[in-house]
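In this text, all values refer to a predicted model and were calculated from it rather than measured experimentally. When reading the values below, keep in mind they use all heavy atoms of this one structure, side chains included, and skip hydrogens, waters and symmetry mates. Order of the sequence lines sets the chain letters (A, B, ...), proteins ahead of strands, with each chain counted from 1.
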Amino acid sequence: MARRYWLLKSEPTAFSFADLAQAPDQTTHWDGVRNFQARNLLRDELKRGDRVFFYHSNCTPTAIVGIAEVVREGYPDFTAWDPDDKHYDPKSDPDNPTWYMVDIRCVRPLRRRLSLDELRATPGLEEMVLLRKGSRLSVQPVTAAEWQRILAREKQPGG
DNA sequence: GCCAACGTTGGC
DNA sequence: GCCAACGTTGGC
């Protein structure tokens with residue numbers, strides 16, 4: 001199967017791209033997703049070798065800041081069973097896990113961050129999930145065309 | 001901090 | 001199954 005592309009949102013105060021770059025083996029497990037649509041993508045769709053835009057949300061400015069790679073496919077999010085974890089879910093049964101995660105590894109930071117405003121102003125991204133009104137998904141598909149547009153935008157000066 | 005949009009819960 | 005209430009997300 002051809003490599004696919006995704007966008008993962010994270011609040012940088014919780015886990016930033018710099019945190020990923022500094023993590024052991026520059027790798028982390030993407031835990032804490034508690035939304036079924038995003039869960040389905042993590043469990044079923046993200047494959048080894050797929051590329052990921054790392055997006056910072058709830059900050060100024062919100063922006064795509066880096067690229068990562070899926071290095072381990074969906075497996076149970078064990079933080080759901082930890083009563084001390086912020087995302088503890090007592091309804092998740094270890095024999096039939098509700099929540100899944102993947103592992104991602106840092107590939108590189110973008111040469112410059114691409115803010116939401118700049119993405120909105122970029123031709124070819126009109127249908128991007130991130131830019132749709134009311135879109136809140138924290139794990140989103142990105143088309144190959146969108147991926148290429150964004151990488152081309154990165155190479156342009158400005159922003 | 002505000003609030004629109006969305007997802008989940010639970011009473012009926 | 002409907003839908004109001006509630007909680008969360010996330011841009012601003």
**Student:** Say whether, by atom type as modelled, one donor and one acceptor occur between the side chain of Arg48(A) and the main chain of Glu73(A) under 3.5 angstrom.
**Tutor:** no
**Student:** Quick one: is the NZ or CZ of Arg72(A) closer than 6.0 Å to the six-membered ring centre of Tyr75(A), and within 45° of its axis?
**Tutor:** yes
**Student:** Answer yes when Asp25(A) and Arg105(A) have at least one side-chain N-carboxylate O distance shorter than 4.0 Å, and no when they do not.
**Tutor:** yes
**Student:** What is the distance, rounded to the nearest whole Å, between atom CG of Asp89(A) and atom P of dG7(B)?
**Tutor:** 18 Å
**Student:** Mind checking what makes ring pair (Phe, Tyr, Trp, His ring centres under 6.0 Å) contact with Tyr5(A), not counting sequence neighbours?
**Tutor:** Trp147(A)
**Student:** Determine, stepwise, if the pair Tyr55(A) / Ser10(A) fulfils side-chain hydrogen bond (donor to acceptor under 3.5 Å, both in side chains).
**Tutor:** CA-CA 6 Å; Tyr55(A) 178 83; Ser10(A) 184; over 6 Å; no
**Student:** For nucleotides 8-12 of chain C, print each protein N/O atom paired with a nucleotide N/O atom at under 3.5 Å, atom names and distance only.
**Tutor:**
{"unit_1": "dT8(C)", "atom_1": "O2", "unit_2": "Arg136(A)", "atom_2": "NH1", "d": "3.0"}
{"unit_1": "dG10(C)", "atom_1": "OP1", "unit_2": "Lys9(A)", "atom_2": "NZ", "d": "3.0"}
{"unit_1": "dG10(C)", "atom_1": "OP1", "unit_2": "Arg136(A)", "atom_2": "O", "d": "2.5"}
{"unit_1": "dG11(C)", "atom_1": "OP1", "unit_2": "Tyr55(A)", "atom_2": "OH", "d": "2.9"}
{"unit_1": "dG11(C)", "atom_1": "OP2", "unit_2": "Asn58(A)", "atom_2": "N", "d": "3.1"}
{"unit_1": "dC12(C)", "atom_1": "OP1", "unit_2": "Arg120(A)", "atom_2": "NH1", "d": "3.2"}

**Student:** Rounded to whole Å, how long is the line connecting atom NZ of Lys91(A) with atom P of dG7(B)?
**Tutor:** 17 Å
